[in-house]
Asker: 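Sharing a structure below in structure tokens format, with a few things to ask.
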Amino acid sequence: MPENAPQPGSRLLLLDGHSLAYRAFFALPVENFSTTTGQHTNAVFGFVSMLINVLRDEQPTHVGVAFDVSRQTFRAEEYAEYKANRSASPSEFSGQLSLIEEVLDALRIPFLKKEGFEADDIIATLVTQALREDSGIDEVLILTGDRDSLQLVSERSTVLYPMRGVSDLARMTPEAVQEKYGVPPQRYPELAALVGETSDNLPGVPGVGQGYAAKWINQFDGLDNVITHADQIGGKKGESLREHLGDVLRNRRLNALVTDLQLELGPADLLKQPWDRQRVHTLFDSLEFQVLRTRLFDSLESQEEVEEGGFELDGALLGEGEVAAWLAEVGEAVVGVHVRGEWGAGTGRVEGLAMATADGRAAYLDTTGLGGEDDAALAAWLADPARPKVLHDAKGPALALAAHGWSLAGVTSDTALAAYLVRPDQRSYDLADLTLRYLKRELRQEAVGEEPGEQGELFAGEGAEAGHAVAATAMLHARAVLDLAEALAEAVEETGGQELLTQVELPLIGVLRGMEEVGIAVDADHLGALEAHFATEVGAAAEAAYAVIGKEINLGSPKQLQVVLFDELGMPKTKRTKTGYTTDADALTALLAKTGHPFLEHLLRHRDVIRLRQTIEGLLKTVAPDGRIHTTFNQMIAATGRLSSTDPNLQNIPIRTEEGRRIREGFVVGSGFESLMTADYSQIEMRIMAHLSEDALLIEAFRSGSDFHSITAARVFDVPAAEVTLEMRAKIKAMNYGLAYGLSAFGLGQQLGIEPAEARGLMEEYFETFGGIRDYLDGIVDVARRSGYTETIRGRRRYLPDLVSDNRQRREMAQRMALNAPIQGSAADLIKIAMLRVDEQLRTQGLTSRLLLQVHDELVLEVAPGEREALEELVRTEMAGAADLTVPLDVSVGTGASWHEAAH
DNA sequence: GCGAGGACGTA
DNA sequence: CGTACGTCCTCGCT
């Protein structure tokens, strides 16, 4: 048997190189796909992207690509107008075809051409050969953007047809063709002959669409019979058919594919070969295809199978007096730790603890009712920074351990945090998911087993007879964490996140744990009174609103509001939402300005006060018995690297309105302390932008130390600083803030209530003044598109695959994310470092004051008696020194008995 | 009871 | 048609 003879189970994938590249060329905007040297790559990118996806999803054993040679085909000879409507392929396109061939060479995928014929004919010939009994090919897939190929669909051959752009493929089976066109695949060209094909410049029968064509073909059993019985078809359409029989016959001749070409290669010669990795790297380097390179090599790795079953663990259930000995044997080896228990709201409870080492040993310890000596031994091991441990999402376990009086040190990795740094935009970092992805090992409950009997093999060593499923599962988890830590260390290293992990995120676990534990004191009486006050206001606003419209509706239901506003009161329609018209505050305010209708006034008032009431209600529900609120800070949610706060969210307590700020009066200094202190960075994101962009004027503006928005406004409007009006300042301030979000002229105009044209002019003026900013912003997106990710100053990455999407909305969204991520992310890194420095100094200086909250650019602390001055000095120093930027970091500090009073 | 959609609070 | 979050409500579904 020849070496490349097809084996049973073979799948042949054939691609129409020309039609796919042509589609990609028009689907992907060329300005987003060209190299630094100016070579256009949109067609190459689209083709290679589709190729990688289909190789990954379909796992073919054989692959080949067919190309057209030139426009001189037998079809053009018969009918000069064939495809004559196509503008001569722009040189930007034809130049890319040879690049595609180079890629195929590097991937060792053969491609075929035949003088005088089209790619379709080559594919038709190969399909015919492949479907012969002795070919050894079981199944054929045809990826093409040319509908003529639909005639090749059969039980064993499927056409994959790009739906929109280059990302969605329709799977055209015989059933799908029948469903979509109303005729079976072999009759598709008959239908096409009647309907015509505009893209090939083949006119069909005027007035006859797909529906009539299918009807006739089915009614008369085929095109031949339709033509024979053309005189039996009445009406205008019948007449039209008779007049254009010649066109139909010509179309049918031209769209028939040739299936018996003499080709240099047959299906068996298309057996998939290993890539020429070196050439792939060189070529993708020159094409600047970083993203595709990753996808290509990832798709190769994903082909590795998930390992079956588990592995042996020498598990031990530790009983009284055995702890210390087991830990001693472990020595300074890295231990995977899995804590069983519960935690949240700044506290927790430990039930048991599983440990595993790389040599296969594992142990489980029930910590409920643990004896004095065992407790001490475990406590000593947990607290010893020289005994390395790895955990998964250690903050919760650390809270539980702390509640038991155990402190945790020596955490050399946290697998959840490591995974977050590698890919920060996932919604969860579930241990089982990560184990499957990085270790190719199944950790699901069903795979691990619930029954003790199923776990017998895990207890090969002593304690086997006493094995419990709970303990076994816990040990398996501990071992998975240990192995994951190793696998992730490599991934973290590759993505350059090592320093962030060990210097920032890991040490931050302890700081956050402390903040959650401490919580922040609230004045429940004040909040209670405030809630009652707002509740009254809610009632009054509701009554007033009902009185105006003469009935009671649910003011919280956008649906009911729409009926009242747009149907009953006949107000002008607002901006559309998915389900109707918006009733958001902006729109209602605009309506109020237009109509002056009192209902809107009461409605807006109702919205305001009901929200304030709800906010207070939510807060009061979370007050712990110690009279404090213990939020949970999540370290792995925001793709940019920010923290988030939940249960309750203390990062969105109102501040903008007078009434809202009264809620902040309810956050107060706790007993035994002197006051609250807030310390925040001014214009942190703009300062980071100044640093990153190296714009000389912007840097100078910050260094001058005067009002930043005014001084930039003076520059943009080219007036002396003293002549900057409030209006000028407001405009530039909006822009200063908007820039980091990818603000458009439209959006700016909207916000400032000016014409888009004026907004555009303003932006141009701004960029004229601060050229460095424009260059920097353009550069970010450009670099991110090539590399596939953005990076903060400290190297935190965010991957944005949609930067090369063929969907404009997704692509532009990704571009805005790319603009924002390095700026918001750098600020996030910076304040995290500031928190670590503050925390460190608090201990070094022996202060009792403590960190309570972080609100992105602000820290809230509780000041111990007599420490105010020292603390302010400390906080200013450590926050300002958290990064070395080309512009100074300005920190403003305030103190007071409440969060409100501490504001400044 | 769950999820989507809408609305809105913060940086 | 401006980024990043979390929470509340309603409404239609199961």
Side-chain angles (χ1 to χ4, degrees), chain A residues 424-425 427 553-562 574-588 603-604 606-608 610-619 621-622 631-657 659-661 663-664 680-686 689 734-752 756 759-760 763 777 780 790 798 800 808-809 812-825 827-828 831 853-859 899:
Chain A
D425 44 15
R427 55 181 162 75
I553 62 162
N554 186 339
L555 295 174
S557 166
K559 204 181 154 195
Q560 294 181 37
L561 280 177
Q562 286 174 51
T574 54
K575 218 175 64 176
R576 276 216 67 107
T577 65
K578 275 183 187 173
T579 52
Y581 299 93
T582 184
T583 64
D584 68 20
D586 269 358
L588 294 184
L603 175 58
L604 284 165
H606 184 262
R607 283 254 177 94
D608 280 345
I610 204 165
R611 172 155 236 98
L612 292 165
R613 187 184 61 76
Q614 278 163 3
T615 303
I616 298 170
E617 196 181 43
L619 287 173
K621 265 193 278 193
T622 64
T631 186
T632 298
F633 288 105
N634 199 316
Q635 215 174 339
M636 296 166 278
I637 290 289
T640 51
R642 275 191 177 178
L643 299 176
S644 82
S645 157
T646 54
D647 300 314
N649 181 357
L650 295 186
Q651 291 179 324
N652 72 340
I653 302 302
I655 191 169
R656 289 181 193 180
T657 64
E659 283 182 316
R661 280 194 291 273
I663 295 179
R664 291 194 170 218
D680 59 59
Y681 287 114
S682 346
Q683 300 113 9
I684 181 83
E685 296 193 342
M686 276 310 285
M689 193 138 60
M735 226 160 64
N736 281 334
Y737 280 111
L739 280 175
Y741 302 150
L743 185 66
S744 66
F746 184 93
L748 182 67
Q750 189 100 39
Q751 193 191 317
L752 293 175
R760 183 170 302 282
M763 282 180 85
L777 293 175
I780 289 184
T790 60
R798 175 171 188 185
L800 295 164
R808 183 174 142 171
Q809 195 152 333
E812 291 182 342
M813 175 65 108
Q815 286 172 1
R816 292 192 295 270
M817 290 173 174
L819 288 180
N820 177 254
I823 298 165
Q824 187 183 120
I831 193 159
L853 302 177
Q854 185 253 45
V855 194
H856 308 309
D857 66 358
E858 168 189 13
L859 297 179
W899 196 358

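Below, chain A is the first sequence line, B the second, and so on; all start at residue 1.
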Asker: Test of understanding: with side chain to side chain contact (heavy atoms under 4.5 Å, CB included), list the residues that count as partners of Y741(A), not counting sequence neighbours.
Answerer: E685(A), N820(A)
Asker: Excluding sequence neighbours, so at least two apart, what forms side chain to side chain contact (heavy atoms under 4.5 Å, CB included) with N649(A)?
Answerer: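 Side chain to side chain contact (heavy atoms under 4.5 Å, CB included) list for N649(A), sorted by chain: S645(A), Q651(A), N652(A).
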Asker: Using the ring pair (Phe, Tyr, Trp, His ring centres under 6.0 Å) criterion, which residues pair with F746(A)? Sequence neighbours excluded.
Answerer: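 Applying ring pair (Phe, Tyr, Trp, His ring centres under 6.0 Å) to F746(A) gives none.
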Asker: Provide the start and end nucleotides, 5' to 3', of the part of DNA chain B that has atoms under 4.0 Å from heavy atoms of chain A.
Answerer: dG5(B) to dA11(B)
Asker: Mark up nucleotides 9-14 of chain C, 5' to 3', with B wherever a protein heavy atom is under 4.0 angstrom from a base atom, S wherever such an atom reaches only the sugar-phosphate, and - elsewhere.
Answerer: SSSS--
Asker: Listed by chain and number, what are the side chain to side chain donor-acceptor pair (under 3.5 Å) partners of E659(A), not counting sequence neighbours?
Answerer: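 Only R605(A) meet the side chain to side chain donor-acceptor pair (under 3.5 Å) criterion with E659(A).
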Asker: Between N or O atoms, less than 3.5 Å apart, protein on one side and nucleotides 3-7 of chain C on the other: list the pairs.
Answerer:
{"residue": "dT3(C)", "atom": "OP1", "partner": "R816(A)", "partner atom": "NE", "Å": "2.8"}
{"residue": "dT3(C)", "atom": "OP1", "partner": "R816(A)", "partner atom": "NH2", "Å": "3.2"}
{"residue": "dT3(C)", "atom": "O2", "partner": "Q824(A)", "partner atom": "NE2", "Å": "3.4"}
{"residue": "dA4(C)", "atom": "OP1", "partner": "R798(A)", "partner atom": "NH1", "Å": "2.9"}
{"residue": "dA4(C)", "atom": "OP1", "partner": "R798(A)", "partner atom": "NH2", "Å": "3.0"}
{"residue": "dA4(C)", "atom": "O4'", "partner": "Q824(A)", "partner atom": "OE1", "Å": "3.3"}
{"residue": "dA4(C)", "atom": "O4'", "partner": "Q824(A)", "partner atom": "NE2", "Å": "3.0"}
{"residue": "dC5(C)", "atom": "OP1", "partner": "A639(A)", "partner atom": "N", "Å": "3.0"}
{"residue": "dG6(C)", "atom": "OP1", "partner": "S644(A)", "partner atom": "OG", "Å": "2.9"}
{"residue": "dG6(C)", "atom": "O4'", "partner": "N649(A)", "partner atom": "ND2", "Å": "3.0"}
{"residue": "dT7(C)", "atom": "OP1", "partner": "D647(A)", "partner atom": "N", "Å": "2.9"}

Asker: Sequence neighbours excluded, which residues qualify as salt bridge (charged side-chain N to carboxylate O under 4.0 Å, His left out) partners of R656(A)?
Answerer: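 Per chain and number, R656(A) pairs via salt bridge (charged side-chain N to carboxylate O under 4.0 Å, His left out) with no residue.
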Asker: Sequence neighbours excluded, which residues qualify as salt bridge (charged side-chain N to carboxylate O under 4.0 Å, His left out) partners of R661(A)?
Answerer: E658(A)
Asker: Near DNA chain B, which residues from residues 579-588 of chain A have a heavy atom under 4.0 Å away?
Answerer: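 Of all residues in residues 579-588 of chain A, the ones placing a heavy atom under 4.0 Å from DNA chain B are T579(A), T582(A), T583(A), D584(A), A585(A).
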Asker: Could you work out, with salt bridge (charged side-chain N to carboxylate O under 4.0 Å, His left out) as the rule, every residue matching R613(A), not counting sequence neighbours?
Answerer: E617(A)
Asker: Among pairs that include at least one residue of residues 579-588 of chain A, which meet salt bridge (charged side-chain N to carboxylate O under 4.0 Å, His left out), considering only residues two or more places apart or in two chains?
Answerer: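 Every candidate salt bridge (charged side-chain N to carboxylate O under 4.0 Å, His left out) pair involving residues 579-588 of chain A fails, so no pair, neighbours aside, qualifies.
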